[in-house]
Visitor: 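First, the structure itself, so that you have it in front of you.
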Amino acid sequence: MAQDAVESLDVAGGSNLGGDPFTPAAGSALWRKHFLIGAATASYQIEGAVNEDGRLPSIWDTFSATPGKVLHGDTGEHACDHYHRWESDVELLASLNFEAYRLSIAWPRVMDEAGRPNRKGLDFYKRLLGKLKDKGLQTFATLYHWDLPQHLEDRGGWLNRDIVYRFADYADLMSRELAGHVDAWMTLNEPWCSAFLGYGNGHHAPGRANLRYAVQAMHHLLLAHGEALAVLRENDPASKKGIVANVGRGTANTQSAADTHAAHLFEVQHNAWILDPLLKGTYPADLWTLWPGAEPLVLDGDMQTIGAPLDFLGINYYFRTNVESDGANGYIEVPLAGVERTQMGWEVYPDGLRDLLTGFHRNYRALPPIYITENGMASDDKVDNGHVDDAQRIAFLKRHLAAVDEAIAQGVDVRGYFVWSLLDNFEWAYGYERRFGVVHVDYRTQQRTVKRSAQLISKFLQERAARA
Ligand code: IFM
């Protein structure tokens with residue numbers, strides 16, 4: 001699509017690109033056409049329509065309706081109204097020259113309590129994925145981005161081993177119904193968040209807080225992933241299959257052996273807890289020095305199922321955490337002063353993405369090709385005379401893409417990058433206040449306004465396509 005079309009989108013946004021602080025350096029691997037660039041969203045964060053067409057309640061409906069759980073009492077009831085506006089949202093996505101779209105499927109929309117298909121919900125995703133393919137976009141679909149059906153939580157949720165088999169049934173239905181519509185399946189988004197925030201400290205739905213719960217929930221999440229992977233392979237052999245992990249960079253506050261070990265433990269807790277079982281078939285032993293006696297119940301064969309080979313690994317990266325030893329077997333966070341931070345309070349630290357990628361490349365012999373399935377930042381963006389100048393985001397994205405480029409130059413097989421997020425949306429416990437989109441959403445009118453970051457990404461992708 002021509003740049004003038006970007007500038008005349010049927011949404012507010014305007015032109016006024018001025019100089020270009022985004023375009024990657026000449027010679028960067030990002031100029032290669034086969035390095036995929038897309039945008040990502042998730043069902044509960046954008047769809048709204050929580051009571052329509054047979055959708056069942058999810059744990060996030062329950063949690064967000066509980067006073068005190070979400071900032072300002074926000075809920076996903078209307079969100080970005082994407083369930084009704086999906087066609088114009090896909091037009092917008094394609095008009096911005098994105099080459100791929102990562103979405104998630106709402107489990108409570110597509111299956112009833114007895115595990116039978118909900119045709120209306122399934123049709124929504126068929127239409128959406130069909131239109132994305134018609135527009136030439138590659139489709140990346142996540143099966144579980146945190147909106148567990150409430151009736152399953154009522155039976156123990158991720159603490160009840162039975163959920164592993166319910167998840168495999170769900171994967172079976174989706175891959176039979178949607179085979180051919182999906183280029184890449186991701187079983188889970190960020191099991192660390194589901195397990196630790198959902199069951200460990202209760203900051204996320206379902207809001208349970210017990211470390212032993214978190215550890216057992218993680219085991220069931222990873223096992224559900226492994227069982228679903230086999231089902232996806234059987235039903236939809238042509239697609240790629242993977243999982244998405246959020247990873248964190250931990251750095252030591254001093255060079256002392258104790259602080260260096262503390263930073264190591266931070267990364268064990270945030271990264272190796274998930275990646276070791278997936279890529280080595282074992283939990284990291286250091287996890288149990290951090291959390292003595294918290295080992296999950298593991299049955300024969302579980303670790304083989306969890307460690308089945310992946311076609312790709314999705315990596316979500318946002319920030320680093322500076323830590324020191326707690327004087328015992330753990331670590332404590334030591335926030336650095338004078339560093340750049342986002343609206344979330346997260347430090348902007350692009351080197352962390354490069355260092356994690358090169359570290360994974362060194363440490364995991366079974367590391368599959370990688371997609372950066374999320375990276376982005378929240379800022380308090382305002383529409384000013386039809387424009388949103390999100391200068392901090394533009395610099396953030398450029399610097400993180402440069403970090404990916406450096407990792408590729410050091411031999412890491414990174415195949416693509418998805419900005420989080422296409423739209424401002426429901427940021428979980430922070431509600432609508434934190435804006436991660438490259439497109440601004442006015443939640444009162446549902447007006448979409450293309451931010452300057454999206455204009456510049458679009459311009460780069462257009463130039464890249466023209467050179468190919
Ligand atoms: O909005 C979330 C997303 O749902 C999962 N990864 C992190 C994002 C920003 O917090």
Visitor: For the pair D424 and K451, find out whether any cationic side-chain nitrogen is under 4.0 Å from an anionic carboxylate oxygen.
Guide: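 Result for this pair is yes, salt bridge flagged.
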
Visitor: Mind running ring-ring contact (aromatic ring centres under 6.0 Å, His included) on Y371 and Y417 for me, showing each step along the way?
Guide: CA-CA 6 Å; Y371 288 88; Y417 174 98; over 10 Å; no

Visitor: Is it true that R55 and D53 make a salt bridge, defined as a side-chain N closer than 4.0 Å to a carboxylate O?
Guide: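 Answer for the salt bridge query: no.
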
Visitor: Is D147 salt-bridged to R109, cutoff N-O under 4.0 Å?
Guide: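 Looking at D147 and R109, the cut-off is not met.
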
Visitor: In plain terms, say whether D381 and R393 are close enough for a salt bridge, that is, a side-chain N and a carboxylate O under 4.0 Å apart.
Guide: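 Salt bridge flag = yes for R393 with D381.
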
Visitor: About how many Å separate CD of E374 and CD1 of I315, when rounded to the nearest 0.5 Å?
Guide: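 If we round to the nearest 0.5 Å, I315:CD1 and E374:CD are 11.0 Å apart.
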
Visitor: Indicate yes or no: does R249 engage E347 in a salt bridge with an N to O separation below 4.0 Å.
Guide: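 No, this pair does not count.
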
Visitor: Specify the closest pair of heavy atoms between G248 and H270, including all atoms of both residues, with the distance to one decimal.
Guide: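 The answer is N-CB, 4.5 Å.
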
Visitor: Please work out whether the ring planes of F436 and W346 are parallel, tilted or perpendicular, with thresholds of 30° and 60°.
Guide: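 Because their plane-to-plane angle lies in the 30° to 60° range, the rings of F436 and W346 count as tilted.
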
Visitor: Once rounded to the nearest 0.5 Å, what's the spacing between atom CG of N201 and atom OH of Y199?
Guide: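 Here the rounded value is 13.0 Å.
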
Visitor: Do the charged groups of D112 and R116 touch, with an N to O distance under 4.0 Å?
Guide: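 Result for this pair is yes, salt bridge flagged.
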
Visitor: Decide, yes or no, whether a salt bridge links E227 with R166 under the criterion of side-chain N to carboxylate O below 4.0 Å.
Guide: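 Judged by the 4.0 Å cut-off on N to carboxylate O distance, E227 and R166 do not form a salt bridge.
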
Visitor: Other residues, nucleotides and ligands only: do more than 12 of their heavy atoms fall within 6.0 Å of OH on Y364?
Guide: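 Enclosed.
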
Visitor: Is the Y317 ring parallel, tilted or perpendicular to the H400 ring (thresholds 30°, 60°)?
Guide: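 Because their plane-to-plane angle lies in the 30° to 60° range, the rings of Y317 and H400 count as tilted.
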
Visitor: So which of D311, L178, N235, L229 actually passes side chain to side chain contact (heavy atoms under 4.5 Å, CB included) with W185?
Guide: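 Single pass found, and it is L178.
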
